[in-house]
Structure formats: structure tokens, C-alpha cells
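Notes follow the structure.
A quick note: this is a predicted structure, and the numbers were derived from the prediction, not measured. Ligands are counted one by one from 1 in listed order, and the atoms in each one are counted from 1 as well.
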Amino acid sequence: MKEEKSICCCCEEENQAELIAKINEVIEHYKNKEGSLIQVLHQAQNIYGYLPLEVQKLVADGLGKPVSEVSGVVSFYSFFSTQPRGKHTIRVCLGTACYVRGGKKLVDRLCDILDIKVGDTTADRQFTFEVARCIGACGLAPAMMIDDVVYKQVNPDKLNAILAKYKD
Ligand code: FES
């Protein structure tokens with residue numbers, strides 16, 4: 001029989017409060033340091049996982065900056081995300097070498113397997129799926145990365161086995 005996972009909302013709230021407290025500590029640390037906004041946002045994203053508007057407001061208030069300035073910085077840099085991200089990031093290369101050797105087939109198969117589009121995160125927050133433009137393995141195309149690991153000459157039929165290594 002399958003065991004149902006129950007989610008306790010009190011624990012979630014507690015966890016949330018802890019994360020906010022940690023972000024406040026970071027803000028406090030950088031408060032009077034000139035040009036610290038990006039640093040604070042980086043650390044806030046590491047703590048919270050992403051930068052929703054409520055976190056952006058917290059940072060803006062804490063540093064005495066307009067929310068519009070903070071949001072502008074968040075949307076300018078691609079390493080900041082306003083959406084929750086998966087535990088692992090999959091990047092399929094669609095640079096020229098990978099594209100002509102089947103990179104698009106990897107993308108299509110992964111969309112099927114994960115049941116999401118490029119740029120999205122799976123409902124279980126296990127994977128965020130993105131494409132890249134050359135990850136430095138052109139000689140062994142098509143290539144993809146999961147977090148920091150590069151997979152070369154990837155065959156679409158091997159994708160399930162590769163992903164299985166990253167599932168909890
Ligand atoms: S084009 Fe894909 S690794 Fe270079």
C-alpha cells in the first residue's frame with residue numbers, strides 16, 4: 001500500500017519564517033555597504049530558492065531602496081529567478097553542433113518525459129528544464145548538463161536512466 005505524505009502547514013510556516021529571518025540577517029549585514037544589492041539578492045536566492053515579489057520587497061525595504069529598482073535588477077540578470085526552481089537543472093545544448101546531431105530530439109523527449117516545456121519546473125520541483133548555446137562538448141554532441149555534470153553523445157533512449165539518478 002502506498003503511504004500518503006502529509007504536509008503540515010504549521011511546519012511550512014515555521015520554515016518560511018526561518019528563511020525570512022535568514023534573509024533579514026543578510027540584509028542587516030549588508031545594510032550600510034554601498035553597491036551590495038546584487039550580493040544581497042544572490043544570498044536571498046540561495047536561502048529562499050528564488051526571488052518572488054515578497055522577497056524583493058523585503059530586500060528593498062531592508063536596504064531602503066524602491067522595489068522598482070530591486071525588481072529591475074532581478075529581471076535584468078538571468079541568474080535571478082522569480083519562479084521556484086527545481087532541485088536539479090537540466091540544460092540541453094542547442095548550439096550548432098548539438099542541434100545538427102539531435103539536440104532537438106533530446107529537448108522533445110525531455111518535454112515528454114518531464115511533462116513540461118522548456119523554461120519550466122516539474123510539479124514535484126525535482127527538475128528545471130532549460131536549453132543552452134554550447135556547453136563546450138561540441139566534439140561529442142549532442143550534449144546536455146544536469147547541474148554541473150556534462151553528458152555527451154546523449155541518446156534520447158538513455159534519458160530515463162540518466163534522470164533516474166537524480167530522483168529522490
Ligand atoms: S554546440 Fe553543443 S556543446 Fe558545443
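- No more than 12 heavy atoms of other residues, nucleotides or ligands shown are found within 6.0 angstrom of OH on Tyr99.
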Side-chain donor-acceptor pairs under 3.5 Å in residues 124-144, sequence neighbours left out?
{"residue": "Asp124", "atom": "OD1", "partner": "Thr122", "partner atom": "OG1", "Å": "2.7"}
{"residue": "Asp124", "atom": "OD1", "partner": "Gln126", "partner atom": "N", "Å": "3.0"}
{"residue": "Gln126", "atom": "NE2", "partner": "Tyr166", "partner atom": "O", "Å": "2.8"}
{"residue": "Thr128", "atom": "OG1", "partner": "Gly86", "partner atom": "N", "Å": "2.5"}
{"residue": "Thr128", "atom": "OG1", "partner": "Thr121", "partner atom": "OG1", "Å": "2.8"}
{"residue": "Glu130", "atom": "OE1", "partner": "Arg91", "partner atom": "NE", "Å": "3.1"}
{"residue": "Glu130", "atom": "OE1", "partner": "Arg91", "partner atom": "NH2", "Å": "3.4"}
{"residue": "Glu130", "atom": "OE2", "partner": "Arg85", "partner atom": "NH1", "Å": "3.1"}
{"residue": "Glu130", "atom": "OE2", "partner": "Arg85", "partner atom": "NH2", "Å": "3.1"}
{"residue": "Arg133", "atom": "NH1", "partner": "Leu94", "partner atom": "O", "Å": "3.4"}

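- Using a cut-off of 4.0 Å between Lys/Arg side-chain N and Asp/Glu carboxylate O, Lys57 and Asp61 are scored as not salt-bridged.
- Around atom 2 (Fe) of ligand 1, the protein N, O or S atoms closer than 2.8 Å are Cys93 SG, Cys98 SG, listed by chain and residue number.
- Look at Glu25 and Lys22 and you find no salt bridge, because none of the NZ, NE, NH1 or NH2 atoms lies under 4.0 Å from a carboxylate O.
- We find the CG-CG distance between Leu63 and Leu37 to be 6.0 Å, quoted to the nearest 0.5 Å.
- Remark: side-chain polar atoms of Gln56 are paired, donor with acceptor, to backbone N or O of Leu51 under 3.5 angstrom.
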